[in-house]
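As structure tokens, the structure follows; a few thoughts come after it.
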Amino acid sequence: MTIAALDLGRRRIGVAVTDAAAMAAHPIGIVERRALRHDLDAIAAMLRDRQVSAIVVGLPLNMDGSEGPAARGAKKFAERLADGLGVKVEMFDERLTSFEARERLAEMPARKGTRKTGLDALAAVVILESWIQANPDRVPRTRS
């Protein structure tokens with residue numbers, strides 16, 4: 001089974017998934033945000049054929065650990081996502097993931113104009129990798 005992760009931004013949602021063995025994460029794209037129904041449908045379409053067992057949504061906490069408007073919005077989005085897709089959705093602290101994604105992206109060769117969209121998907125990868133590291137016993141592994 002596959003685990004997906006979302007990095008919710010104001011303009012874009014980055015999407016990443018684990019590989020078949022749930023050992024690594026890789027970006028699969030972004031969703032340009034328009035309206036909630038569109039966003040949910042686009043995410044569902046991206047994940048449809050991937051046998052996703054759970055989705056990890058980045059929770060943008062303030063640096064002191066408190067929840068601000070962005071965190072409350074992410075929680076509401078996660079609730080709608082769980083209802084709409086019928087998949088378990090879990091929140092995960094995403095503090096500093098965009099910073100790490102920017103550093104990784106700066107080290108990669110990229111064409112002009114792809115960095116912004118690449119950043120969102122890469123931030124989803126960082127969220128998913130962090131979740132896997134924090135929850136090794138909850139990661140479904142395939143047997144070889």
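Rounding to the nearest 0.5 angstrom, the gap separating the CG atom in D93 from the CD1 atom in I127 is 9.5 Å. Taken from CZ in R11 to CG in D120, the straight-line distance is 10.5 Å, to the nearest 0.5 Å. Atom CD1 of I43 is separated from atom CD1 of I28 by 10.0 Å, given to the nearest 0.5 angstrom. Here the OG1-CD1 distance, from T2 to I55, works out to 11.0 Å after rounding to the nearest 0.5 Å.
Taking all atoms of both residues into account, the shortest heavy-atom contact from I30 to A121 is CG2-N, 4.0 Å. When every heavy atom of G58 is checked against every heavy atom of M91, the shortest pair comes out as O-CE, 4.0 Å. The shortest heavy-atom contact between E94 and P60 is OE2-CB, 3.3 Å.
Residues L6 and V17 fall within the same hydrophobic cluster, defined by Ile, Leu, Val, Met, Phe, Trp and Tyr side chains chained together at heavy-atom separations under 4.5 Å. In this structure, V125 is not a member of the same hydrophobic cluster as V57, with clusters built from ILVMFWY side-chain heavy atoms closer than 4.5 Å. Two different hydrophobic clusters hold V52 and V56 under the rule that ILVMFWY side chains link at heavy-atom gaps under 4.5 Å. By the criterion of side-chain heavy atoms lying less than 4.5 angstrom apart, applied directly or through intervening Ile, Leu, Val, Met, Phe, Trp or Tyr residues, M46 is grouped together with L8 in one hydrophobic cluster.
At a threshold of 4.5 Å between non-hydrogen side-chain atoms, the residues L128 and T18 count as touching. With contacts defined as side-chain heavy-atom distances shorter than 4.5 Å, the pair L61/S66 does not qualify.
Under the side-chain hydrogen bond (donor to acceptor under 3.5 Å, both in side chains) criterion, D49 pairs with no residue at all, not counting sequence neighbours. Annotation: side-chain hydrogen bond (donor to acceptor under 3.5 Å, both in side chains) contacts of D19 (sequence neighbours excluded): none. Contacts of R33 classified as salt bridge (Lys or Arg N to Asp or Glu O under 4.0 Å), with partners at least two apart in sequence or in another chain: D39. Under the side-chain hydrogen bond (donor to acceptor under 3.5 Å, both in side chains) criterion, K75 pairs with E67, not counting sequence neighbours. Scanning for side-chain hydrogen bond (donor to acceptor under 3.5 Å, both in side chains) contacts around H38 gives R34, with sequence neighbours left out.
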Checklist entry - After noting the C-alpha distance and the side-chain angles of S53 and I3, does the key distance pass the side chain to side chain contact (heavy atoms under 4.5 Å, CB included) rule? => result CA-CA 6 Å; S53 60; I3 300 169; 4.2 Å; yes

Item to check | I13/D7 under side chain to side chain contact (heavy atoms under 4.5 Å, CB included): CA gap, chis, key distance, verdict | outcome: CA-CA 5 Å; I13 299 170; D7 176 58; over 6 Å; no

Item to check | Candidate pair V15 and L47, rule side chain to side chain contact (heavy atoms under 4.5 Å, CB included), full reasoning | outcome: CA-CA 9 Å; V15 184; L47 301 178; 4.1 Å; yes

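A donor-acceptor contact shorter than 3.5 Å is absent between the side chain of N62 and the backbone of D64.
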Distance-only criterion, 3.5 Å: show the donor-acceptor pairs between side-chain atoms of residues 77-84 and protein atoms not counting sequence neighbours.
none

